[in-house]
Amino acid sequence: MQNLLNHPALAAALPDRLPFTIAQRTRRVYDRLAAFYPLSTMFFHSRAHRRAMADSGIRDGMQVLEIATGSGEMFRRLVRVNRGGATLGLDLSPNMAARTQHRVSKEFPGSVARCHAVDARFLPFRDEFFDAIVCCYLLELLSQDDILRTLSEIRRVLKCGGTFTLVLIGEKTELFNRLYRVLGSLAPAFWGRQIEQRVTDFLTLHDLRILSDCTVRQSFYPSRVLTARK
Ligand SMILES: C[S@@+](CC[C@H](N)C(=O)[O-])C[C@H]1O[C@@H](n2cnc3c(N)ncnc32)[C@H](O)[C@@H]1O
């Protein structure tokens, strides 16, 4: 981990305007927005979620983890496909995690599906536990050190040969990027900053081999969807 933090490929560090302690504020802001968040997913994230689902290779009977479930829209897709397996979810915000757990218990009463309030930087699972891990729109909210820490944790709990599917906010449209920079400077704990252009460095540094990589657009909102194998 220490080596990665000092790795020369990261020397040209991200424009890291996120203070290390931002997680507390992120937790507070997402906690407050938990009831409204499904709207944002519906308008901006659902197409990327569908693509991530298709590319992830997730099949029934697997041990699956979703990191940063938000209000649980992707989590419910995962549970629907993985009825005979176990699907675990986590989110830093207790309200988001509770909301996700509540919806999934109602919709899929017989399934093994649990969501808890957990910080992705410190995953409470043993090594090589999951067949597949999914993480959508989280890395933007983490400082560079925390991105590396979280990816190390993901690699640790993923089985050899397991897949990691990652969704990020796309950076291909200059107008959108400008708007995002403004929003990010107004409310960094909610918006974070775009990091898509560094993502292949991050995955390669963690020995995660990219299997698929595409950009999808919903309205004006671009997302990059990658699946990698350990
Ligand atoms: C932009 S939302 C994305 C939600 C969902 N994945 C989606 O695709 O719509 C980011 C989520 O990450 C969660 N989050 C932020 N920092 C986290 C951390 N350190 N560990 C776990 N979850 C975190 C927030 O609480 C929030 O629910």
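What's counted below: heavy atoms across the whole structure, side chains too, no hydrogens, waters or symmetry copies. When a ligand or atom number is given, it counts from 1 through the structure's own listing order. In this chain, residues are counted from 1 in sequence order. The structure displayed is predicted, hence computed values, not measured ones.
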Check whether the ring centres of [X] and [Y] lie less than 6.0 Å apart, and answer yes or no.
X      : Y      : result
His206 : Phe164 : no
Tyr30  : Phe190 : yes
Phe44  : Phe220 : yes

Just to confirm my output: which protein heavy-atom neighbour is closest to [atom], and how far is it?
atom                    : result
atom 5 (C) of ligand 1  : Ala68 O, 3.5 Å
atom 4 (C) of ligand 1  : Gly70 CA, 3.6 Å
atom 20 (N) of ligand 1 : Ala120 N, 2.8 Å

Hey, can you pull the donor-acceptor pairs under 3.5 Å for the side chains in residues 85-96, sequence neighbours left out?
from	atom 1	to	atom 2	distance (Å)
Thr87	OG1	Asn82	ND2	3.1
Asp91	OD1	Ser93	N	2.9
Asp91	OD2	Thr69	N	3.4
Asp91	OD2	Gly70	N	2.8
Ser93	OG	Asp31	OD1	2.6
Ser93	OG	Asn95	N	3.4
Ser93	OG	Met96	N	3.0
Asn95	ND2	Asp31	O	3.1

Please list, chain by chain and in numerical order, all residues satisfying side chain to side chain donor-acceptor pair (under 3.5 Å) with Ser56, sequence neighbours excluded. none
Looking at [Y] and [X], is there a salt bridge between them, counting it only when a charged N and a carboxylate O are closer than 4.0 Å?
X      : Y      : result
Glu107 : Arg76  : yes
Glu66  : Arg114 : no
Asp55  : Arg51  : yes
Arg224 : Glu171 : no

Does at least one non-hydrogen atom of Tyr37 fall below 4.0 angstrom from an atom of ligand 1? yes
Do any heavy atoms of His45 fall under 4.0 Å from ligand 1? yes
Using distance alone, decide if ligand 1 has a nitrogen or oxygen within less than 3.5 Å of any nitrogen or oxygen in [X].
X      : value
Thr26  : no
Leu141 : no
Asp91  : yes
Cys136 : yes

Heavy atoms only, cut-off 4.0 Å: how does [X] contact ligand 1, side chain, backbone, both, or neither?
X      : answer
Val118 : backbone
Leu92  : both
His49  : side chain
Thr41  : side chain
Tyr137 : both
Ile67  : neither

Reference residue Asp127; test side-chain hydrogen bond (donor to acceptor under 3.5 Å, both in side chains); the match among Arg156, Lys159, Arg155: Arg156
Closer than 4.0 Å to some heavy atom of Asp119 - which atoms of ligand 1 meet that? 18 (C), 19 (N), 20 (N)
What atoms of ligand 1 come within less than 4.0 Å of a heavy atom belonging to Ser93? 25 (O)
Residues Ser71 and Thr41: closest non-hydrogen pair is OG-OG1, 4.4 Å
Heavy atoms only: which of Leu138, Asp146, Leu139 lies closest to atom 16 (N) of ligand 1? Leu138
